[in-house]
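Notes follow once the structure below has been shown.
The sequence lines fix the lettering, A, B, ..., with proteins before strands; numbering per chain opens at 1. In what follows, every heavy atom counts, from backbone to side chain, and hydrogens, waters and symmetry copies are set aside.
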2 protein chains.
Amino acid sequence: MEILDLENFLPYRLYRLADAVSREFAGIYKDSHGLTRPEWRTLSGLGQHGTMTATALGEQSAMHKTKVSRAVAELERRRWLTRTPDENDRRVEHLTLTKAGLAAYGEMVPLAKAFERGLLEELSNGDRSAIKTALATLEACLGVSHPERKG
Amino acid sequence: MEILDLENFLPYRLYRLADAVSREFAGIYKDSHGLTRPEWRTLSGLGQHGTMTATALGEQSAMHKTKVSRAVAELERRRWLTRTPDENDRRVEHLTLTKAGLAAYGEMVPLAKAFERGLLEELSNGDRSAIKTALATLEACLGVSHPERKG
DNA sequence: CCAAACTGGTTTCATTTGTAACCATCGAAA
DNA sequence: TTTCGATGGTTACAAATGAAACCAGTTTGG
């Protein structure tokens with residue numbers, strides 16, 4: 001009978017690594033501010049782009065719209081963002097970080113970058129660039145970069 | 001204010017890719033047999049190693065013990081595995097696939113391998129080997145390979 | 001021998017997640 | 001204009017998850 005070596009199976013390894021990295025990284029937003037991952041991504045998207053709609057947020061950060069909806073609701077409750085109704089389309093709301101939201105964002109960005117740097121430092125120069133192109137290739141192949149995501 | 005480019009942030013890219021791959025791959029065990037991921041991993045571990053304890057399963061496949069416990073219960077309900085009490089330690093149970101379990105495993109392994117092949121085909125030879133060493137390095141650095149996992 | 005600490009495994013409960021249904025609004029076509 | 005399908009976003013409900021409590025059995029140290 002043909003067997004599968006799980007520990008060397010790419011989907012499994014990818015998932016396990018991503019999961020470990022993500023848990024590790026969660027310390028930065030969870031322990032310090034009690035954010036969930038969707039909340040962190042929402043904060044991050046708005047910090048980066050200034051103003052976005054919920055739909056745009058979902059696309060940019062690969063989140064299902066229910067996740068976005070709940071994350072936005074929570075950040076609003078904290079008064080880290082505000083909603084502004086769109087002039088032309090009354091279904092749409094434009095989301096923007098408040099001063100408090102920006103402050104939290106500004107505080108976490110350097111920590112996030114340091115975390116990433118810590119990871120990349122472990123890799124040789126060659127592996128560092130190779131992993132980036134490999135990721136890009138697989139992302140393109142899976143249609144992950146700019147699609148209608150479900151996550 | 002310093003910003004973070006989420007779409008180029010390694011932890012995010014890793015997670016998003018792993019998530020996409022995992023969803024895609026889930027078709028192989030979910031759509032065909034209605035398995036969850038923990039159930040698939042359990043099946044896979046036992047198919048590969050023949051007989052294991054729940055604890056060993058958790059270590060090999062990076063699952064929290066509650067996930068293992070529930071997956072094992074479900075596979076037992078399907079009569080895909082059986083439990084045999086340990087001779088010396090009455091807390092321990094040895095898990096083994098039944099004929100039906102092995103059949104399902106044998107059926108899925110080629111599909112899994114084909115899926116992995118499909119992914120790797122997208123990469124150049126260089127990237128293929130580089131991504132493996134990069135994964136190994138990060139796994140080692142995060143202590144993912146052989147630890148007390150929580151996932 | 002006995003108590004305390006530990007380990008394998010299950011269960012309980014609160015939280016998170018996903019699917020689907022839903023509401024409101026919009027755009028296109030009749 | 002009216003109707004019908006699509007779209008932005010929220011809500012309801014069921015299933016998956018994780019933390020911690022738990023039970024049973026085992027080891028250790030006095």
Side-chain angles (χ1 to χ4, degrees), chain A residues 15-16 19-20 22-24 26-27 29-31 34-42 45-46 51-77 81-95 147-151, chain B residues 15-16 18-20 22-24 26-27 29-31 34-42 45-46 51-77 81-95 148-151:
Chain A
Y15 194 93
R16 187 181 55 174
D19 194 57
S22 181
R23 276 171 206 271
E24 189 75 14
Y29 53 78
K30 188 168 200 169
D31 298 350
L35 295 179
T36 63
R37 184 166 47 221
E39 284 153 22
W40 151 253
R41 285 192 187 170
T42 298
L46 293 179
T51 289
M52 303 174 79
T53 66
T55 302
L57 261 172
E59 282 164 9
Q60 195 232 352
S61 54
M63 296 193 292
H64 189 150
K65 54 187 191 160
T66 60
K67 276 189 187 167
V68 176
S69 176
R70 295 189 256 243
V72 167
E74 169 59 21
L75 293 188
E76 183 187 33
R77 202 193 56 68
L81 64 77
T82 57
R83 310 179 192 237
T84 317
D86 184 277
E87 298 282 312
N88 309 316
D89 187 338
R90 297 197 328 227
R91 295 168 300 180
V92 176
E93 290 172 326
H94 299 278
L95 309 166
E148 60 322 324
R149 291 293 296 107
K150 309 108 182 262
Chain B
Y15 194 93
R16 188 181 54 175
D19 194 57
S22 181
R23 274 173 207 270
E24 189 76 15
Y29 52 78
K30 188 169 200 169
D31 298 349
L35 294 180
T36 63
R37 184 166 47 221
E39 285 154 20
W40 151 252
R41 285 191 187 172
T42 299
L46 294 179
T51 290
M52 303 175 79
T53 67
T55 303
L57 262 171
E59 283 165 7
Q60 196 233 351
S61 54
M63 297 193 291
H64 189 136
K65 54 186 189 161
T66 61
K67 275 189 187 167
V68 176
S69 175
R70 294 190 258 242
V72 167
E74 169 60 19
L75 294 187
E76 183 187 32
R77 201 193 58 68
L81 65 74
T82 56
R83 308 178 193 238
T84 316
D86 184 276
E87 299 281 312
N88 308 316
D89 188 337
R90 297 198 326 229
R91 293 169 302 181
V92 177
E93 289 172 327
H94 299 278
L95 309 165
E148 58 324 322
R149 291 294 295 104
K150 310 106 185 260

Inset, instruction - Would you please confirm or rule out a distance under 4.0 Å between OP1 or OP2 of D:dA16 and any side-chain N or O of B:R37? - result: no
Inset, instruction - Assign the ring pair A:Y15 / B:Y15 to parallel, tilted or perpendicular, where the plane angle (0 to 90°) is split at 30° and 60°. - result: tilted
Legend entry - Verdict with supporting geometry, A:D19 and A:R23, salt bridge (Lys or Arg N to Asp or Glu O under 4.0 Å): CA-CA 6 Å; A:D19 194 57; A:R23 276 171 206 271; 3.0 Å; yes
Inset, instruction - Quickly work out the B:M52 CE to C:dG8 C1' distance and round it to whole Å. - result: 14 Å
Inset, instruction - Report yes if at least one side-chain N or O of B:K67 is closer than 4.0 Å to OP1 or OP2 of D:dG18; otherwise report no. - result: yes
Inset, instruction - Note the angle between the end axes of the helix from C:dC1-D:dG30 to C:dA30-D:dT1, five pairs defining each, rounded to 10 degrees. - result: 10°
Inset, instruction - Write down the distance between NE2 (B:H64) and P (D:dA21), rounded to a whole number of angstrom. - result: 13 Å
Legend entry - Minimum heavy-atom distance A:T42-A:A71, with the two atoms named: OG1-CB, 3.4 Å
Legend entry - Test item: B:L75 and B:E39 side chains (from C-beta on) under 4.5 Å apart, heavy atoms: yes
Inset, instruction - Assign A:T55 to base, sugar-phosphate, or nothing according to its heavy-atom contacts below 4.0 angstrom with the strands shown. - result: sugar-phosphate
Inset, instruction - Rounded to the nearest angstrom, tell me the gap between atom OH in B:Y29 and atom P in D:dA16. - result: 12 Å
Legend entry - Rounded distance (Å) that lies between atom C1' of C:dG9 and atom CE of B:M63: 14 Å
Legend entry - Interatomic distance, A:H94 atom NE2 to A:M52 atom CE [nearest 0.5 angstrom]: 12.0 Å
Legend entry - A:R83 side chain, from C-beta outward: closest of D:dG9, D:dG18, D:dA16: D:dG9
Legend entry - Length of the CG-C1' vector between B:L95 and C:dG9, whole Å: 11 Å
Legend entry - Quiz item: B:R70 side-chain donor-acceptor pair to D:dG18 base, under 3.5 Å: yes
Legend entry - Rounded distance in Å - CD (A:E59) to P (D:dT7): 11 Å
Inset, instruction - Check if the side chain of A:R91 and the base of D:dT7 share a donor-acceptor pair of N or O atoms closer than 3.5 Å. - result: yes
Legend entry - Sugar-phosphate only, base, or nothing, as touched by B:D86 at under 4.0 Å among non-hydrogen atoms: nothing
Legend entry - Distance, rounded to the nearest Å, where B:D19 contributes CG and D:dA16 contributes P: 16 Å
Inset, instruction - Between D:dG9, D:dA20, D:dT26, spot the one nearest the side chain of B:D89, thanks. - result: D:dT26
Inset, instruction - Output the single nucleotide from D:dT11, C:dC26, D:dA20 whose closest atom is nearest the side chain of A:S69. - result: D:dT11
Inset, instruction - Take atom CZ of B:R23 and atom P of C:dT17, then tell me their distance rounded to the nearest Å. - result: 11 Å
Inset, instruction - Report the residue (B:A56 or A:N88) whose heavy-atom-nearest nucleotide on DNA chain C is the more 5′ of the two. - result: B:A56
Inset, instruction - Could you pull out all residues at least two apart from B:T51 that satisfy side chain to side chain donor-acceptor pair (under 3.5 Å)? - result: B:T96
Inset, instruction - Taking the side chain as every heavy atom from C-beta outward, state whether B:R70 and B:T66 have any pair of such atoms under 4.5 Å apart. - result: yes
Inset, instruction - Please name all residues satisfying side chain to side chain donor-acceptor pair (under 3.5 Å) with B:S22, sequence neighbours left out, ordered by chain then number. - result: B:R37
